Protein chains: 2
Amino acid sequence: MGVMVTRAESAALTRRALLDAAAELLDLGGPEAVTLREVGARAGMTRGAPYRHFADKDSLLTAVATEGWDRISDQVRALRTDPALSASERLCGALHALIGVGRGQPHLYQLLFRRRGDRPGQRGEGLDRVRRLCAPADDTAAAVRATERFQDEFLAVVAALVGAQNARHYGALLLTSAHGIAGMELSGHLATDVWRTSADELVDTVVRMVANVGETA
Amino acid sequence: MGVMVTRAESAALTRRALLDAAAELLDLGGPEAVTLREVGARAGMTRGAPYRHFADKDSLLTAVATEGWDRISDQVRALRTDPALSASERLCGALHALIGVGRGQPHLYQLLFRRRGDRPGQRGEGLDRVRRLCAPADDTAAAVRATERFQDEFLAVVAALVGAQNARHYGALLLTSAHGIAGMELSGHLATDVWRTSADELVDTVVRMVANVGETA
DNA sequence: GTCATTCAGGTGACAACGTCATCTGAAAAC
DNA sequence: GTTTTCAGATGACGTTGTCACCTGAATGAC
């Protein structure tokens with residue numbers, strides 16, 4: 001086994017371990033279960049160690065969300081550049097990719113669509129009064145970049161179906177609808193005796209409606 | 001001022017005060033800000049008092065959500081029975097009522113669509129081993145009833161526009177869409193340079209699409 | 001009217017958590 | 001070789017949810 005020497009490599013490795021542990025705990029029990037102590041323990045360290053890599057717990061979760069967005073963006077990109085798929089198939093695939101996250105990793109999904117700027121009361125500058133590195137702003141900026149990348153990818157998929165003119169409006173419509181479907185399925189508000197339908201049916205209907213408009217208009 | 005005598009009246013009054021305090025704190029700073037100590041203080045009591053009226057913090061929040069659903073249900077009912085409104089106006093009104101909650105009371109809105117059965121690790125039976133009253137199950141059952149009432153009201157509004165046959169499917173479609181629009185507006189994911197549209201525009205588009213289908217079909 | 005019971009509320013305590021200041025040892029820079 | 005940097009450990013503090021225990025007043029039985 002290669003002995004780890006350089007400090008940069010070690011830091012990158014521990015940061016990765018911290019992110020993995022946080023993501024795993026998030027999947028298991030939501031943000032409440034992401035305890036800095038448990039994260040540190042799973043990464044083979046003690047409680048205060050994460051503070052060397054993340055400003056606070058919120059920054060850690062934000063970094064997890066950033067990687068989640070990156071992963072979805074990659075999925076959408078793969079769909080968009082798959083020559084074996086039609087435009088509508090690519091769109092359906094992108095929407096189902098999003099909903100799939102809601103099903104498989106509901107806590108991560110909620111984290112992805114968390115309210116921005118919800119950073120709870122910061123208690124002033126601390127940690128030897130020096131920690132200018134890994135400031136909270138950096139993590140949020142990276143998260144915003146990641147979501148923008150997803151939005152661009154998704155917009156391109158929509159534009160291929162309804163044209164560049166209507167892409168923005170109908171892209172927002174499709175994304176918000178899929179988000180609402182995923183959210184209500186996730187929260188259990190969709191599986192009621194009242195609505196006797198499924199998330200997949202709803203997605204199909206929305207896509208069909210938008211596709212019809214895209215053709216006629 | 002009338003002196004409070006009977007114990008039942010006193011209990012009902014303090015329960016009301018607790019709910020009001022919790023709702024106010026929720027609006028101010030989200031569920032994290034709803035501290036049992038602060039709730040008790042605002043209700044003129046000490047920290048442990050709420051446990052005589054609610055099983056735990058989660059039950060208190062669930063009760064707040066129940067009242068939120070009740071209020072929205074009343075709004076929709078008022079719209080539904082307003083003779084001065086057309087069917088589509090009633091639908092738009094109901095959707096905007098929901099989105100209005102997302103704008104005015106975002107934390108309450110998120111609480112309304114919170115995942116069911118997310119009750120975090122209950123630590124066993126406590127409080128003198130007697131507290132069979134105000135069990136957590138009661139609050140959740142009441143919350144479910146409240147959401148069902150909303151669903152029924154909303155379904156009736158939709159049925160008046162697209163007919164009873166398609167009401168369930170398109171009702172779910174409209175509700176999920178509105179929920180997604182509200183959620184993404186609330187989280188800030190809608191106000192991006194990518195989607196140059198607004199929540200109101202999206203709602204109008206969705207309603208128009210569904211109305212068209214309702215007419216043609 | 002008397003007395004036992006119920007029960008809303010107060011109080012002390014505990015564990016868990018986020019976070020900070022401080023310390024330490026090794027890598028890195030010079 | 002010396003100094004600086006910095007990842008990580010450790011002790012500590014304040015806050016929070018929750019519990020067991022206690023108290024006093026309203027309630028119901030007789």
Side-chain angles (χ1 to χ4, degrees), chain A residues 3-18 21-22 25 29-61 119-136, chain B residues 3-18 21-22 25 29-61 119-136:
Chain A
V3 186
M4 201 50 50
V5 246
T6 78
R7 191 145 61 177
E9 284 171 336
S10 171
L13 223 55
T14 57
R15 181 187 164 92
R16 179 100 298 275
L18 289 170
L25 288 170
E32 312 281 300
V34 180
T35 295
L36 287 189
R37 286 165 163 83
E38 183 66 21
V39 168
R42 296 201 175 209
M45 294 174 292
T46 55
R47 54 187 190 279
Y51 285 92
R52 283 291 156 188
H53 300 266
F54 303 96
D56 51 11
K57 175 179 175 177
D58 205 75
S59 290
L60 174 59
L61 289 175
R119 189 168 295 278
Q122 47 229 25
R123 278 203 253 270
E125 306 288 324
L127 195 58
D128 299 3
R129 277 122 174 177
V130 212
R131 200 217 307 109
R132 285 279 170 263
L133 3 142
C134 66
Chain B
V3 186
M4 202 49 51
V5 246
T6 79
R7 191 147 61 178
E9 284 171 335
S10 172
L13 224 54
T14 56
R15 181 186 162 92
R16 180 99 298 277
L18 289 170
L25 288 171
E32 312 281 298
V34 180
T35 294
L36 287 188
R37 286 165 165 83
E38 183 65 22
V39 168
R42 295 201 175 208
M45 293 175 293
T46 56
R47 53 185 190 281
Y51 285 93
R52 283 290 155 188
H53 300 266
F54 302 96
D56 51 10
K57 174 179 175 176
D58 205 76
S59 291
L60 174 59
L61 289 175
R119 188 167 295 279
Q122 47 230 23
R123 280 202 252 269
E125 306 287 324
L127 196 57
D128 299 3
R129 277 120 174 178
V130 212
R131 199 216 307 109
R132 286 278 170 265
L133 2 143
C134 66

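Below, chain A is the first sequence line, B the second, and so on; all start at residue 1. Note that this is a predicted model, so its numbers are computed, not measured.
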query = Which whole-number value in Å describes the distance from A/Phe54 CZ to D/dC6 P?
reply = 17 Å
ask   = Would you say the base of C/dG18 and the side-chain of A/Arg37 have a donor-acceptor pair closer than 3.5 Å?
value = yes
query = Taking CG from B/Leu18 and P from D/dG17, how many angstroms apart are they, rounded to a whole number?
reply = 13 Å
ask   = Is any side-chain nitrogen or oxygen of A/His53 closer than 4.0 Å to OP1 or OP2 of D/dG8?
value = yes
task = Go through the steps to decide whether A/Leu25 and A/Val39 satisfy the test side-chain contact (heavy atoms from CB on, under 4.5 Å), and finish with yes or no.
result = CA-CA 8 Å; A/Leu25 288 170; A/Val39 168; 3.6 Å; yes
inquiry  = Under 4.0 Å from OP1 or OP2 of D/dG8: is there any side-chain N or O of A/Thr14 that close?
reply    = yes
request  = Could you state the atom-to-atom distance from CD of A/Glu32 to P of D/dG17 in whole Å?
outcome  = 11 Å
ask   = Closest approach of B/Leu36 and B/Pro50, non-hydrogen atoms and distance?
value = O-CG, 4.2 Å
note = Closest non-hydrogen contact found for B/Tyr51 with B/Asp56 is CE2-CA, 4.1 Å
request  = Give one of base, sugar-phosphate or nothing for A/Val34, where a contact means two heavy atoms less than 4.0 Å apart.
outcome  = sugar-phosphate
key: Closest to the B/Arg52 side chain, choosing from C/dG12, C/dA8, D/dA7   = C/dA8
inquiry  = Considering every strand and a 4.0 Å limit on heavy-atom distances, what is the contact class for B/Thr46: base, sugar-phosphate, or nothing?
reply    = base
key: Contact nearer the 5' end of DNA chain D, comparing A/Ala49 with B/Gly48   = A/Ala49
Selection from C/dT11, C/dT19, D/dA9 that lies nearest to any side-chain heavy atom of B/Arg47 = C/dT11
key: Protein-nucleotide distance (A/Asp56, atom CG; C/dC20, atom P), rounded to Å   = 8 Å
task = Can you see which heavy atom on A/Arg15 is nearest to which on A/His53, and at what distance?
result = NH1-O, 3.6 Å
task = Could you tell me the separation between the OG1 atom of B/Thr14 and the CE atom of B/Met45, rounded to the nearest 0.5 Å?
result = 5.5 Å
inquiry  = Can you measure B/Tyr51 atom OH to D/dC19 atom C1' for me and round it to whole angstrom units?
reply    = 8 Å
query = For B/Thr6 and D/dA26, is the shortest distance between a side-chain N/O and OP1 or OP2 below 4.0 Å?
reply = no
request  = Take the protein atom CG of B/Asp58 and the nucleotide atom C1' of D/dT16, then report the distance between them rounded to whole Å.
outcome  = 15 Å
request  = Let me know the distance between NZ of B/Lys57 and P of C/dC17, rounded to the nearest Å.
outcome  = 15 Å
query = To the nearest Å, how far apart are A/Leu36 CG and C/dC17 C1'?
reply = 9 Å
